[in-house]
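Worksheet for the structure shown next.
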Amino acid sequence: MSNDEPKSPPRRDFLGIAVGGSATVFAVAAGYPVARFIEPRTRPPSGPTVVGKVLEFPPGTVKSVMVDERPVLVVRAADGQFRAFSALCSHLQCVVGYAPERNQIECPCHRGVYSMDGQNIGGPPPRPLEELQVSVNEGAIIVSSVG
Amino acid sequence: MNAEQPRKRVREGWLSDRLGWGGISTALAKHRAPRRGFVFYLGGITLFLLLVQVLSGVLLVLYYKPDSTNAHASVERIVGEIPYGDLIRGVHVWASDFFVACLVAHLFTIVIRRSYKPPHELTWLSGLVSLVIGIGMAFTGAILPWSQKAYAQARVGSEIAHNIPLIGGWMHRLLRGGQEVTSNTLSNAYGFHVAVLPATVTLLVGLHLFFLSRKPAPVPVSEQVVDEEPGAQGEADAAKAPAAPVDDDDTIPLYPDFLYRQAVAWVGVLVAVLTLAIFADRPLGEAADPRLSSTGAQPPWYFLPFHQIIRSSPRELLGIDGAKFIVGATCFLGALVVALPFLDRKGSKLMAWAGWIVLFVLFLLATSALS
Amino acid sequence: MAAVAMSPARAVPPEGAASTSASASASVSASASASASGSSSENPADWGPQGRVLPPSMDATNSCVTCHATLTDQKLRAPAKEFVTSVHRDDRIGCAGCHHGDPRDPTVGAHKSEGFLPHPTHAEVPGVCGSCHSDAGFMRHLNSRLPVGQAALYNLSLHGKLTAAGDENAPACADCHGKHDILGPSSPKSPVNRANVSTLCGGCHGDGKRMAKYGLRTDQASKWEKSVHGQAFKRGNPNAPTCTGCHGAHAATPPEASSVGRACGRCHEEELAYFDMGPHSKGFRKRGLAECVACHSNHDVQPASSLMVGTTPDATCMKCHSKDEKPRKIADEIAGLLRGARGRAAEARAFVARAREEGLHVAGASFALDQIATAELKLRGVVHTLDPARLEGPVAAVDKAVAEARKLVDDAAQTRRVERRGYYVSLGIACVLFASLALKSLQLDRRRRGRS
């Protein structure tokens, strides 16, 4: 059962290399479509989104809505002005929430604090909350998608 | 062994050293496999196709959505939008057909060669259950695109299963995921297709291979021997197969010779599957709309013979509902097949004839179903 | 049993404001207590027409129906039967709601009460209907969703003026809406249902004998049927206008030249706005030409096409400007721009369709086609300015969308070519693997045989 064959080593090597080489190249060739297939698709943002009606937002309300599958805080100030902020903390992307008892926006994960105009006023957040454009058209509140 | 090791280490390299490959290959080389006959590669090809199915299926799971509103659209998205999605779905669909074909061919070659006879009962049984699960995977897989055809298949298939004696009602609910064909049927089929059945079949194939390694397939000796000693063949094979460590004209070592040949078959099948997946489109069909009549709904090809019998059966047979009778009879035949190694302990040559005849009848039925 | 039930009703004096208002307030308080919020006013005088009292309910005490249903004279009997399906089959309206009389009196004495109106004349009908339907306070209690003021509008309409002048040819309320078996307009059987309006109007306006006196044409309904509006209506487009869409219903008047644009502009807002920017707006007004109608016609308005603009003999521009140098030049220029953009858009559509037929999946193709359609729509609006300079922007937008669609298809085709090439190469490699494996196993076998 000895495997050492002194006879015609070049041919044996050639076939061995051919098998190994073509198998490797084929594996790479087959791997490419697989890699492309599993690469996640990025969808373009769906554009401005209607998030509700003005009547649903009496002055002084804060509501969480979804825009482009991301959470957004819509704030209607006491003076009736609308503002919208991405509800993702600028620190590590936890979802922030409105704390009515302190009238501020807070991130529960690492105690980030934002003022009602989105400024980072406490805790680790390095930047203000990302602000989104709000427009009101025929009673519908429309939030633009940024980025 | 000890004398060989230093030389091998030098030749085989770092990885073989870590894996102790030399030991494995020596052990594998002790197993003998038949030198001649394509039929001995069918089981290996089936196993390979199962692997292809698992790999392509794992990829499809990334984008498939198992609910009745999104299923069809998600498959459309795979085919149309995702890069190479059409290729991967094509491979999965074509390989499934090849898989069932190889399973059936494997079964018939075993019957015709009477390789089921003792002491191969366990191999036979584990193989048969794998066959049923394999067809179950094909059946549940065909439901997943939730096309018109898939919907009809889910409905008719489960209704036919209703006629199975004893467990019919249970099968009916199991296949439908409830009383009716609904979105639940789809998610149920999905669960079975991607988890329950593959896991079970993996276990069974493992057992199948284990049983086979304990009692290897009877190696065909030269044809003359078979003809000369038909009666003694069984014992002769059983005695001969495990103890044949020397090179002879009828057997080759499992490794490397048999595995190399097996690899040739695998690559050949892979080329065929890829070529078909690339160049032969398997249309997805319209999304299921239960309000529309199931026009042109036809079962997958492996159910065609059965379809033809059901289609041409009278309303009643021997006072029993036609469908019930046929399904019952089929189950009875199935039970006979399961019991084959216990009924035909010697491997009667009649079974070879029976195998060919059944194959021929099935073929006739399938072709007449198509016409 | 009927006599017993009737006797308390008879015990109440049939006339006298005090007693009737008492019964009315009884029914009001009943309905008020039924509704949780309660009505804003408990005083019937606040929500009914002055002096009007509600008739009692339509049950066994309504002697109108019980008596008229047994009469042998069909003319007197039919209303009692027809009323069963009427939208006025409400116990607060009943027969007496229009005809007055006292339904609690089971004898002909019922006819004797004050204000009994057995046969309202044609000219009286609008007043009868209007007595309730113009009363917002009353209508609010019956059906708060119904509009009021139809009678006022009707009186302004040509139909109303002719009726008031005693012309029985002109339709009053009942001629369109029906009489005793009147149905709500949302009922598909109602003659004023959207589906039946053109038949209703055409019934009179298509009748030559009837129209002869007024010198009116009779082809409006049949023309409308063939028009772009009629065809859209036939396809079930809920926005397609029927007669009333342009002419109004109760205030039906022929739109004057100066108001045509407003009628069309209710839907074709953008076109009207652009038209007002263009030179025709002033010119038409000066000459008393009807804005939209001058080019598009009215009842048989056809789908607008780029062929309308230009200097070909069929072109609409040539109806007036066949000999004018400058307008001809502008018409040619606009026609060139329009047809060019249109042709390129059509080509792009065909290009995408062909690619799809070839099984090429073009991601975003539907969106690109929508973009083209949007740009074309804009272009069709801006054409009404008749200003080639203003058209350039929209034409460029069409071209941009077209280029976008073509690029998507080209990219997809290129991707497919690359993919195909990759497939061939990969299959080739697999074949090499196959061959080398086969050779290798043959070699193994040969060697082993050589040894044994």
Side-chain angles (χ1 to χ4, degrees), chain B residues 25 29 32-36 38 41 44 48 52 75-91 244-284, chain C residues 349 351-371 404-405 407-452:
Chain B
S25 66
R32 306 294 294 183
R35 179 194 294 281
R36 275 179 291 271
F38 179 72
Y41 300 91
F48 172 73
V52 170
V75 181
E76 269 184 338
R77 179 159 179 253
I78 290 172
V79 174
E81 210 178 302
I82 312 293
Y84 300 99
D86 50 349
L87 175 71
I88 286 161
R89 173 180 169 268
V91 166
V246 289
D247 287 342
D248 58 54
D249 205 41
D250 292 319
T251 62
I252 48 175
L254 186 66
Y255 177 86
D257 298 49
F258 187 78
L259 282 182
Y260 259 104
R261 292 179 180 204
Q262 187 75 68
V264 175
W266 289 345
V267 175
V269 168
L270 185 63
V271 169
V273 167
L274 281 175
T275 309
L276 285 166
I278 292 167
F279 298 105
D281 189 29
R282 294 292 292 264
L284 177 56
Chain C
R349 269 191 207 100
F351 191 60
V352 172
R354 208 161 46 236
R356 279 181 171 163
E357 265 169 36
E358 285 166 11
L360 197 62
H361 180 83
V362 190
S366 310
F367 183 67
L369 290 181
D370 285 350
Q371 296 278 70
E404 185 68 20
K407 188 176 174 304
L408 284 173
V409 173
D410 286 340
D411 286 354
Q414 175 63 20
T415 310
R416 148 104 48 123
R417 269 194 295 280
V418 171
E419 263 180 33
R420 276 284 147 103
R421 223 170 290 157
Y423 287 160
Y424 293 136
V425 172
S426 307
L427 283 176
I429 297 166
C431 289
V432 170
L433 178 60
F434 180 79
S436 49
L437 270 171
L439 284 175
K440 180 86 183 163
S441 63
L442 281 178
Q443 187 193 38
L444 276 172
D445 198 45
R446 217 175 12 250
R447 240 175 248 172
R448 205 169 299 284
R449 283 183 161 206
R451 234 180 313 137
S452 63

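To find a chain, count down the sequence lines: A is the first, B the second, and so on, and within it residues start at 1. Basis for what follows: all heavy atoms, side chains included, without hydrogens, waters or symmetry-related copies.
- Contact tally against chain C (heavy-atom pairs below 4.5 Å) for T275(B), L270(B), L87(B), D281(B): the top residue is L87(B).
- Residues of residues 423-431 of chain C that come within less than 4.5 angstrom of chain B, heavy atom to heavy atom, are Y423(C), Y424(C), L427(C), A430(C), C431(C) in numerical order.
- Atom OG1 of T415(C) is separated from atom OH of Y84(B) by 8.5 Å, given to the nearest 0.5 angstrom.
- Atom-to-atom distance recorded for D86(B):CG and R416(C):CZ is 8.0 Å, nearest 0.5 angstrom.
- Checked against ring-ring contact (aromatic ring centres under 6.0 Å, His included), F351(C) has no partners two or more places apart in sequence or in another chain.
- Looking at every heavy atom in both residues, I278(B) comes nearest to R420(C) through O-NH2, 3.5 Å.
- Within the 4.5 angstrom heavy-atom criterion, atoms from both the backbone and the side chain of P256(B) approach chain C.
- Across all their heavy atoms, S441(C) and V264(B) have their closest contact at OG-CG2, 4.1 Å.
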